[in-house]
Asks: 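Before we start, here is the structure in question, set down as structure tokens.
Any value given below was found using the heavy atoms of this structure, including those in side chains, with hydrogens, waters and symmetry copies removed. In what follows, every chain begins at residue 1, and chains take the letters A, B, ... in the order their sequences are listed.
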2 protein chains.
Amino acid sequence: MSLSTSDRSLVELVIRRLNVLRPLSTEARASLEYALLEGLEHAGAGEDLISEGDPVDSVRVVLSGWLCRYKSLEDGRRQIVNFIFPGESCDSHAFLLPVMDHSIATMTPVVYAEIKRARFESLTRDARSLAEAFWCETLVNNAIQREWAINLGRRTALERVAHLFCEIFERLRPVGMVDANSCVMPVTQMDLADATGLSVVHLNRTVQELRASGLIVLRDRILTINDLDALKDTALYSPSYLQLYRRS
Amino acid sequence: MSLSTSDRSLVELVIRRLNVLRPLSTEARASLEYALLEGLEHAGAGEDLISEGDPVDSVRVVLSGWLCRYKSLEDGRRQIVNFIFPGESCDSHAFLLPVMDHSIATMTPVVYAEIKRARFESLTRDARSLAEAFWCETLVNNAIQREWAINLGRRTALERVAHLFCEIFERLRPVGMVDANSCVMPVTQMDLADATGLSVVHLNRTVQELRASGLIVLRDRILTINDLDALKDTALYSPSYLQLYRRS
DNA sequence: CGTGGAATTGAACGTCGTCAAGGACCGTGG
DNA sequence: CCACGGTCCTTGACGACGTTCAATTCCACG
């Protein structure tokens, strides 16, 4: 495995993000950085990294690319229950439960670092700040999951899609994947439909409604938000749940 | 505060439940039992224990009664994102994040134990098994939240309500609140509507559909499930997410 | 009794899903 | 070079599921 400078900068990104959740000690950063660089892996788009029912014995930290957590019903209906963005980890501590309750799939080519359970446990035992940072991540995930519940249960199609775009934008911003008012949107409308609980057809019409009202431009897999505040208004978006910034 | 024998048996229930998630050492049980008995509190029905935006500095463990986590939109639309049943804790570790992202309300009169943050942290520091048990609880909650996402996003009204009834029944069983094939259902149809993302009117019609098909009886706040397997079939219910039983 | 919350019913409407077809784009192979 | 197939996006027509509004019944409680 070769260690490019780009890999190193991706690892930096992970550490910076965790550091926002909990300030990390110098040793914590160093040992995490080492563990990440040691476990680098690549995956193509559209692969299942883990499937519902699988036992888990490692933690994966995403360095680049988009993934999603999803669940399926017997008859094929699928619900994406969350996205996973660069800097986030897939299933820290998931090994505390016997098996996965959901699946994780790549939506783009992905670079990630795999840390075996024993290694992860010794890392977090040695650095309390690291352990807390990963736990904070789990808690924030929990909060996002709750926000998705009200999104799916109580928002209209237009509000749901607007809300999803706001959330994606706000989650990509702190990891430097937002350029002024636009970001990549490397997923199909089918995926967006599965994330918002809509049919593809209706998702498409809803996106066009957002386009027609001038709030967004979505073309060539690039999302441009013309007026973020206005988009948040139509989404009834309240950002507190992301906990992107620490209480000072 | 008086310590009745009934309080003691409720505390036993909490410990038994945590013990299913992680085997607890004798000392862990003893110190937790002590902390719980020391922090007993009561609340009436329909009270907000914590509201979105509040800082948290304690953990509440529910000894009896039903609560719910919910989120609201500006215009009053409300989504119940989860229930909290006896034996479960409200927000263990929530103090790791600055403020609550959702509110917690009592749906019935409730008995709970409040453990201050410092106390909780020393408890879990001294007993690793206890810490892991509480973390497991958080992880299971996460899994439940994901199941609710697919419930709200991809199931029909009939499936949603059937699924909710299955889940409630299965979560109440291990804490001894199920009697043969029936359990209490001490909430209004308005609450059930807010939990399933339906209007009250349509929830009512859906419940009647379940009644008409002979699957359930719901009367006088008692839910009787005539054929649990059949109900699970109509709900497309797959129980693994509750992780009620440990891998041996 | 009378009051108020909860459950229930009816009717009309609307959002969203389904089905089906057409178009844009892209890589592959003849 | 162009035909071909595949995937994704888009549009139209229609119907169904679920919402809204409003009225009625039921029941516990004072």
Side-chain angles (χ1 to χ4, degrees), chain A residues 44-46 66 73 75-80 105 107-108 151-165 184-213 216-223 234 236, chain B residues 44-46 66 73 75-80 105 107-109 150-165 184-213 216-223 234 236:
Chain A
W66 288 29
L73 298 181
D75 61 7
R77 278 175 280 176
R78 186 177 83 129
Q79 177 69 44
I80 292 179
M107 314 183 80
T108 68
N151 208 30
L152 294 165
R154 287 302 185 208
R155 271 188 258 254
T156 64
L158 189 71
E159 292 163 347
R160 277 187 225 182
V161 177
H163 190 277
L164 182 64
F165 286 160
V184 293
M185 180 66 59
V187 298
T188 65
Q189 296 198 352
M190 183 71 218
D191 293 324
L192 294 176
D194 280 343
T196 49
L198 300 170
S199 66
V200 205
V201 173
H202 199 66
L203 177 103
N204 180 280
R205 295 195 165 115
T206 307
V207 168
Q208 294 187 49
E209 200 179 335
L210 286 172
R211 274 200 274 250
S213 62
I216 65 158
V217 178
L218 178 55
R219 209 177 46 194
D220 302 332
R221 298 283 161 98
I222 303 279
L223 170 69
T234 83
L236 300 182
Chain B
W66 288 30
L73 299 179
D75 62 5
R77 277 175 281 175
R78 185 176 83 128
Q79 177 69 43
I80 292 179
M107 314 183 79
T108 68
I150 190 169
N151 208 30
L152 293 166
R154 287 302 186 209
R155 271 187 258 254
T156 65
L158 189 72
E159 291 163 348
R160 279 187 222 181
V161 177
H163 189 277
L164 182 64
F165 286 160
V184 292
M185 181 66 58
V187 298
T188 65
Q189 296 198 350
M190 181 72 218
D191 293 323
L192 294 176
D194 280 343
T196 49
L198 300 170
S199 66
V200 206
V201 172
H202 198 64
L203 176 103
N204 179 282
R205 295 195 166 116
T206 308
V207 167
Q208 294 186 49
E209 200 179 334
L210 286 172
R211 276 201 272 252
S213 61
I216 65 158
V217 177
L218 178 56
R219 210 177 46 194
D220 302 331
R221 298 286 160 97
I222 303 279
L223 170 69
T234 82
L236 300 181

Asks: Are side-chain heavy atoms of B:Ile222 and B:Val184 found at a separation under 4.5 Å?
Replies: yes
Asks: So A:His202 and A:Val207, do their side chains get closer than 4.5 Å, heavy atoms only?
Replies: no
Asks: A:Arg221 near the nucleic acid: base, sugar-phosphate alone, or nothing, with a heavy-atom cut-off under 4.0 Å?
Replies: sugar-phosphate
Asks: Just grab all the salt bridge (charged side-chain N to carboxylate O under 4.0 Å, His left out) pairs involving residues 186-208 of chain B, residues at least two apart or on different chains.
Replies: A:Arg154-B:Asp194, B:Arg78-B:Asp191, B:Arg78-B:Asp194
Asks: Using five pairs at each end of the helix from C:dC1-D:dG30 to C:dA21-D:dT10 to define an axis, what is the angle between those two axes, to 10°?
Replies: 40°
Asks: Find the distance A:Met107:CE to D:dC8:P and express it as a whole number of Å.
Replies: 11 Å
Asks: Expressed as a whole number of angstroms, how long is the span from B:Asp220:CG to D:dA28:P?
Replies: 7 Å
Asks: Report the residues that fulfil side chain to side chain donor-acceptor pair (under 3.5 Å) with A:Thr156, sequence neighbours left out, ordered by chain and then residue number.
Replies: A:Glu159
Asks: Can you measure A:Met185 atom CE to D:dC9 atom P for me and round it to whole angstrom units?
Replies: 12 Å
Asks: Using side-chain heavy atoms (C-beta onward) and a distance below 4.5 Å, is B:Arg155 in contact with B:Ile150?
Replies: yes
Asks: Tabulate protein N/O versus nucleotide N/O from nucleotides 16-20 of chain D, keeping only pairs under 3.5 Å, one per line.
Replies:
| from | atom 1 | to | atom 2 | distance (Å) |
| --- | --- | --- | --- | --- |
| D:dG18 | OP1 | B:Ala157 | N | 2.9 |
| D:dG18 | OP2 | B:His202 | NE2 | 3.3 |
| D:dT19 | OP1 | B:Ser199 | N | 3.2 |
| D:dT19 | OP2 | B:Ser199 | N | 3.2 |
| D:dT19 | OP2 | B:Ser199 | OG | 2.9 |

Asks: Mind checking side chain to side chain donor-acceptor pair (under 3.5 Å) for A:Glu209 and listing every partner two or more places apart, or none if nothing turns up?
Replies: none
Asks: CG of A:Leu218 versus C1' of D:dC9: gap in Å, rounded?
Replies: 11 Å
Asks: How far apart are the closest heavy atoms of A:Thr206 and A:Ala157, and which atoms are they?
Replies: CG2-O, 3.6 Å
Asks: Between A:Asn204 and D:dT10, is there a contact of a side-chain N or O with OP1 or OP2 at under 4.0 Å?
Replies: yes
Asks: Mind checking side chain to side chain contact (heavy atoms under 4.5 Å, CB included) for B:Pro109 and listing every partner two or more places apart, or none if nothing turns up?
Replies: B:Ala45
Asks: Please confirm whether the shortest side-chain N or O distance from A:Arg211 to OP1 or OP2 of D:dT10 is below 4.0 Å.
Replies: yes
Asks: So does A:Gln208 get a side-chain nitrogen or oxygen closer than 4.0 Å to the phosphate oxygens (OP1/OP2) of D:dT11?
Replies: yes
Asks: Under the side chain to side chain donor-acceptor pair (under 3.5 Å) test, which residues partner B:Arg160, sequence neighbours left out?
Replies: none
Asks: Taking any atom closer than 4.0 angstrom to a non-hydrogen atom of chain A, what span of DNA chain C does the protein reach, first nucleotide to last?
Replies: C:dC16 to C:dC19
Asks: Can you list everything that forms a side chain to side chain donor-acceptor pair (under 3.5 Å) with A:Asp75? Sequence neighbours excluded, please.
Replies: A:Arg77
Asks: Distance check needed: D:dC8 C1' versus A:Gln189 CD, whole Å only.
Replies: 8 Å
Asks: Side chain to side chain contact (heavy atoms under 4.5 Å, CB included) with A:Thr108: which residues, sequence neighbours excluded?
Replies: A:Trp66, A:Val110, A:Pro186
